[in-house]
Amino acid sequence: MRCLLLFLVYVKVASCIEYEVHKYDGTCKMDEVVLDSKSFEISSRLQDYDITLDLIAKMFGTGFGSPQTGDILKQISRLKNETAEVKKLFNELTDEMNKITSDNMKLEEQLSVINATIKDQLVDPCLAEPCYNDGICLRNKDNSFTCICKNGWTGKTCDTELLDCLTEPCLLGSCEARFGVHQCVCNSPLITGKLCDKAPKRDCSDLYTLWNYTMDQTYTVTEPDGSLTLARCDMTTDGGGWTVFQRRVDNSTSFNRNWDEYRKGFGDMNKNFWWGLDHLRNFTKDRKDIILRIDMQDWEGNKAFAEYNNFSIGDITDFYSLHVGGYRGNAGDAFNFEWENFAHNGMRFSTPDMDNDKSLTNCAELYKSAFWFNNCFSADPNGLYYNNKQYSDNTF
Ligand SMILES: [Ca+2]
């Protein structure tokens, strides 16, 4: 294999058969030849300088007639050496650049393969693992997916449990066949869970209507913040489901108590007690359907009651002010009493140590009681408990 060594690089060279002529030093190389015009120009100039230096040297001849001529020839020789050095360096850089360009092309090829793979995987919907409960994901032609669900599960993503309530009973609902599967149908929209086993226990009404608790006793209910508290439930009076917040059956418990005790509650839930203003506030907060009922009995056994719709109380910054709506009953409407100064609706709660009433005196201290006093009252269920017929007691 032969090739010509060319020094003139202005022409396209086709004399290197199977090899390529290196554009910068004219040698034949297997390497790819850089066709960059800038490199070509630099290489050409270096070649020009070399030729020019040869011409100058020729003009001075070979004689060393004068010391100046000798110096000039020495300088020319030095410049030629330096030009050759620069050319060599340039060729090395060019080779290096070719290598980098070649590596770069290989990397780009690899990158395009990787990109294609990733792109393909990105459109695969099964990579997101959309099937729950060990369902198997199949990729469809249109890049959607189909889940093959394990036994007991259904739905597009296998997230719906197929419950056969014929074997697993519904707690607060009934088992009905729907779409070929037996499923629990809950007794109330408030009840949730596949087996209708989740329902609120906000008060005795929830316990009665949702949970079918029918005994008159103390149960656990859930406050709005999730904490548990005890509540006394009356499940027999007028349809049941009543949360009792005050109860007096004898004189064994004093109701002449201070603000903190009325806030937190006191007494024995099986006998005489006050549930507590904080519980009452939580219980009526954000509710529009609470009915307040007051039952009372005198020494002759005569009974009377009063009921109010839309019962609620304010928060502590409002001193638990009383709000009631329409009246129903046979005891008389004390809360919206005809003498305005004695009516209780809208009043703040007062205790002997916390006078929030509208009287110049302190009603709670004066009557050893605590209530939503005005100036002062038409009802005083927390007042002194008389043991004889001189004064009737109130149970409420
Ligand atoms: Ca006062």
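All ligand and atom numbering here is 1-based and tracks the order in the structure.
The side-chain tip of Arg248 does not point at the ring of Tyr385 from less than 6.0 angstrom away and within 45° of straight on. Both the sub-6.0 Å distance and the 45° axial angle are satisfied by Lys156 relative to the ring of Phe145. Cation-pi geometry between Arg202 and Phe283 is not met: the NZ or CZ atom fails to fall both under 6.0 Å from the ring centre and inside 45° of the normal.
Shown are the protein N/O/S atoms under 3.0 Å from the Ca ion (ligand 1), given by residue and atom: Asp355 OD1, Asp355 OD2, Asp357 OD1, Ser359 O, Thr361 O.
Taking Ile, Leu, Val, Met, Phe, Trp and Tyr as members and joining any whose side-chain heavy atoms lie under 4.5 Å apart, directly or through other members, Trp153 forms no hydrophobic cluster with any other residue.
Listed for the Asp203 side chain is no donor-acceptor partner under 3.5 Å among the backbone atoms of Thr243.
Side-chain rings of Tyr213 and Tyr219 approach one another, their centers coming within less than 6.0 Å.
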